[in-house]
Enquirer: 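Sharing a structure here in structure tokens format.
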Amino acid sequence: MPNADTVVVLDFETTGLSPTMGDRAIEIGAVRIENGEITGRFQELMNPGQRISGFIEDYTGITNSMLKHAPSCEEVMSQFADFISGYNLVAHNASFDKRFLDAELSNISRTYSGQFACSMLVARRIYPHAPDHKLGTLVRYANIPSDGAFHRALYDSEMAAKLWQAMLRTIEKQTVLPEIPFKLLQKIAKTPKNSVRALLEHS
DNA sequence: TGCCAGGCCCTCTTTAGGGCCTT
């Protein structure tokens, strides 16, 4: 059985910001972290059945010609549903990725059992003095080595995973807990900024 | 780099508005 505190850190590239406005996923990237080690990776382009805008081509480097012969969203998301089965999930600004995960899995009548935690909400509390809380800024702020090639799904999920692990190490120094439970991370994300220290001291 | 949406957060708030973050 998977450990409840094993997580899959995931990132979608999409045609836009809102599945309710007709936007679709075009790439999914994810890494599985078990006992602090990356033990699995997933990356696939997928054909959304619509042309992507010039803005998205420029933003991601993913072109219409790259997607032309990619497998369908349905095929890729079916494999991805298997990859995340039984694991809790992490994403940077998780509400965005959760909307696309829910929409794409709903299209193929699949579900998932894991819960989401958001690395951006945790970072706002653990790194309150960062210049901002964009993924790229936080990676630099936490001194995580990076070649700067953001906005591809696997790369961003790897960077978010390293940020997640860096925040876990920071939190560990502020508690007496030998390991930081996933539920505590979810709780940190929902705790008012000025109450986080007290929460950790009493955990 | 922007627009589109939505959830969270802050404040000159709660009968609200606007910034952040994701593509």
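Letters go in sequence order (proteins before strands), and every chain restarts at 1. Not measured: the values here are computed from a predicted model.
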Enquirer: Answer with yes or no whether the side chains of S113(A) and Y87(A) bring together a donor and an acceptor at under 3.5 Å.
Expert: no
Enquirer: For the C1' atoms, the ones on dT22(B) and on dC4(B), what distance do you get once it is rounded to whole angstrom?
Expert: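 Roughly 13 Å separates the two C1' atoms.
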Enquirer: Consider the side chain of D58(A), meaning its heavy atoms from C-beta on, and name the nucleotide among dT22(B), dT1(B), dT23(B) that approaches it most closely.
Expert: dT1(B)
Enquirer: For the pair made of CD1 in I56(A) and C1' in dT1(B), what is the distance, rounded to whole Å?
Expert: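 Value for this atom pair: 12 Å.
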Enquirer: Between dT15(B) and dC20(B), how many Å separate the two C1' atoms, rounded to a whole number?
Expert: 25 Å
Enquirer: Classify every nucleotide of nucleotides 5-14 of chain B by which part a protein heavy atom approaches to under 4.0 Å, writing B for the base, S for the sugar-phosphate alone and - for neither, in 5'-to-3' order.
Expert: BB-SSS----
Enquirer: Between G54(A) and F12(A), which has a closest nucleotide on DNA chain B that is more 5'?
Expert: G54(A)
Enquirer: Please classify the nucleic acid contact of D23(A) as base, sugar-phosphate, or nothing, using heavy-atom distances under 4.0 Å.
Expert: nothing
Enquirer: dC21(B) phosphate, OP1 or OP2: any side-chain N/O from H133(A) under 4.0 angstrom?
Expert: yes
Enquirer: Hey, does F83(A) have a side-chain heavy atom less than 4.5 Å from the side chain of R32(A)?
Expert: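 A side-chain contact under 4.5 Å exists here.
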Enquirer: Which is true for I26(A) with a 4.0 Å heavy-atom rule: it touches a base, it touches only sugar-phosphate, or it touches nothing?
Expert: nothing
Enquirer: Quantified in whole Å, what is the C1' atom distance between nucleotide dG18(B) and nucleotide dT13(B)?
Expert: 12 Å
Enquirer: Provide the distance between the two P atoms, one in dC12(B) and one in dG19(B), to the nearest whole Å.
Expert: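 Their P atoms lie roughly 14 Å apart.
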Enquirer: Applying a 4.0 Å non-hydrogen cut-off, can you work out what D132(A) is touching in the nucleic acid: base, sugar-phosphate, or nothing?
Expert: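 If one applies the 4.0 Å heavy-atom cut-off, D132(A) turns out to touch the sugar-phosphate alone, with no base involved.
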Enquirer: Roughly how far, to the nearest 0.5 Å, is CG of L67(A) from CD of Q50(A)?
Expert: 10.0 Å
Enquirer: May I ask you to say what T15(A) touches in the nucleic acid, namely base, sugar-phosphate or nothing, with a heavy-atom cut-off under 4.0 Å?
Expert: nothing
Enquirer: Look at all strands and tell whether F100(A) reaches a base, only sugar-phosphate, or nothing, counting heavy atoms closer than 4.0 Å.
Expert: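 No contact.
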Enquirer: Compare all side-chain heavy atoms of M167(A) with those of Y127(A) and state whether any distance is below 4.5 angstrom.
Expert: yes
Enquirer: What is the nucleic acid contact for N194(A), judged by heavy atoms within less than 4.0 Å: base, sugar-phosphate only, or nothing?
Expert: nothing
Enquirer: Distance from Q115(A) atom CD to K183(A) atom NZ, nearest 0.5 Å?
Expert: 4.5 Å
Enquirer: Could you measure between the two P atoms, the one in dC3(B) and the one in dC21(B), and give it in whole Å?
Expert: 14 Å
